[in-house]
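Let me begin by presenting the structure, written as structure tokens, before commenting on it.
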Amino acid sequence: CGHKEYIFGNIQNDDLEQIYDRKSKAFAQRSNILKETECKDCKYWEICFGGCPSESAGGIEDINRKSIYCESIKTIYGHIESFITNHLIP
């Protein structure tokens, strides 16, 4: 996606396990920050996790922020939840 924050290694130079480890640590850190700040108490946390990190940068180059589309995503999830509740669950 072009953001340096999302480069976790080079497959030609790094072991795949190292690359995966770096990615896992970065996303775990992001998750820990978001669930205690911007996404605290969000009912959709378990399916969203703050949205796509590349959307979170929002021009400020900070992957530890929630998606700039958060409110739109919540609206969509709300419509889906309502449909399931009203039409699919007896």
Side-chain angles (χ1 to χ4, degrees):
C1 63
H3 292 278
K4 290 182 182 179
E5 305 95 302
Y6 309 126
I7 298 172
F8 300 108
N10 181 323
I11 197 158
Q12 294 178 342
N13 302 326
D14 300 317
D15 181 281
L16 282 176
E17 191 171 325
Q18 291 174 325
I19 294 171
Y20 182 79
D21 251 7
R22 289 183 202 127
K23 176 189 166 283
S24 295
K25 287 176 185 172
F27 284 91
Q29 175 185 346
R30 177 180 188 264
S31 179
N32 288 334
I33 290 169
L34 285 175
K35 70 182 174 185
E36 295 302 322
T37 57
E38 295 183 84
C39 300
K40 187 175 184 172
D41 301 322
C42 179
K43 71 189 246 177
Y44 300 116
W45 171 254
E46 293 296 321
I47 54 175
C48 176
F49 300 104
C52 176
S54 67
E55 295 170 355
S56 69
I60 55 176
E61 303 299 323
D62 183 2
I63 68 167
N64 293 316
R65 306 266 325 245
K66 67 182 179 181
S67 170
I68 59 174
Y69 304 111
C70 176
E71 295 309 313
S72 299
I73 292 167
K74 283 183 185 179
T75 300
I76 292 167
Y77 288 158
H79 287 296
I80 293 168
E81 181 180 25
S82 178
F83 180 82
I84 291 170
T85 302
N86 295 324
H87 299 287
L88 300 179
I89 299 176

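No hydrogens, no waters, no symmetry mates; every other heavy atom, side chains included, goes into these values.
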(message) Give me the atom names and distance for the closest heavy-atom approach of Ser67 to Gly51.
(response) CB-CA, 4.0 Å
(message) On a heavy-atom basis, which atom in Cys39 and which in Lys66 lie closest, and how many Å separate them?
(response)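 Here Cys39 and Lys66 meet closest at SG-CB, 4.0 Å.
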(request) Give the C-alpha distance, both sets of side-chain angles, the deciding distance and a yes or no for side chain to side chain contact (heavy atoms under 4.5 Å, CB included) between Ile76 and His79. (result) CA-CA 5 Å; Ile76 292 167; His79 287 296; 5.7 Å; no
(message) Tell me whether Leu88 at atom CG has more than 12 heavy atoms from other residues, nucleotides or ligands lying less than 6.0 Å away.
(response)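 Counting other residues, nucleotides and ligands, CG of Leu88 exceeds 12 neighbours.
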(message) Counting only heavy atoms from other residues, nucleotides and ligands, does the tally under 6.0 Å from OH of Tyr77 exceed 12?
(response) yes
Distance from [X] atom [atom1] to [Y] atom [atom2], nearest 0.5 Å?
{"X": "Phe8", "Y": "Arg22", "atom1": "CZ", "atom2": "CZ", "result": "10.0 Å"}
{"X": "Phe27", "Y": "Asn64", "atom1": "CZ", "atom2": "CG", "result": "10.0 Å"}
{"X": "Thr75", "Y": "Ile80", "atom1": "OG1", "atom2": "CD1", "result": "11.0 Å"}
{"X": "Ile73", "Y": "Glu55", "atom1": "CD1", "atom2": "CD", "result": "5.5 Å"}
{"X": "Gln29", "Y": "Ile33", "atom1": "CD", "atom2": "CD1", "result": "4.5 Å"}
{"X": "Lys74", "Y": "Cys42", "atom1": "NZ", "atom2": "SG", "result": "4.5 Å"}

(message) If hydrophobic clusters are built from ILVMFWY residues whose side chains come within less than 4.5 Å, do Ile68 and Leu34 share one?
(response)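 No; tracing contacts between hydrophobic side chains, which count when under 4.5 Å, never links both residues.
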(request) Answer yes or no: is there a donor N or O on one side and an acceptor on the other, between the side chain of Arg65 and the main chain of Glu38, under 3.5 Å? (result)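 Not confirmed, Arg65 side chain does not pair with Glu38 backbone.
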(request) State, with a plain yes or no, whether a side-chain heavy atom of Lys35 is found less than 4.5 Å away from one of Glu46. (result)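 Sidechains of Glu46 and Lys35: no contact.
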(message) For Trp45 and Phe49, take the angle between the two ring planes, folded into 0 to 90°, and tell me which bin it lands in: parallel under 30, tilted 30 to 60, perpendicular over 60.
(response) perpendicular
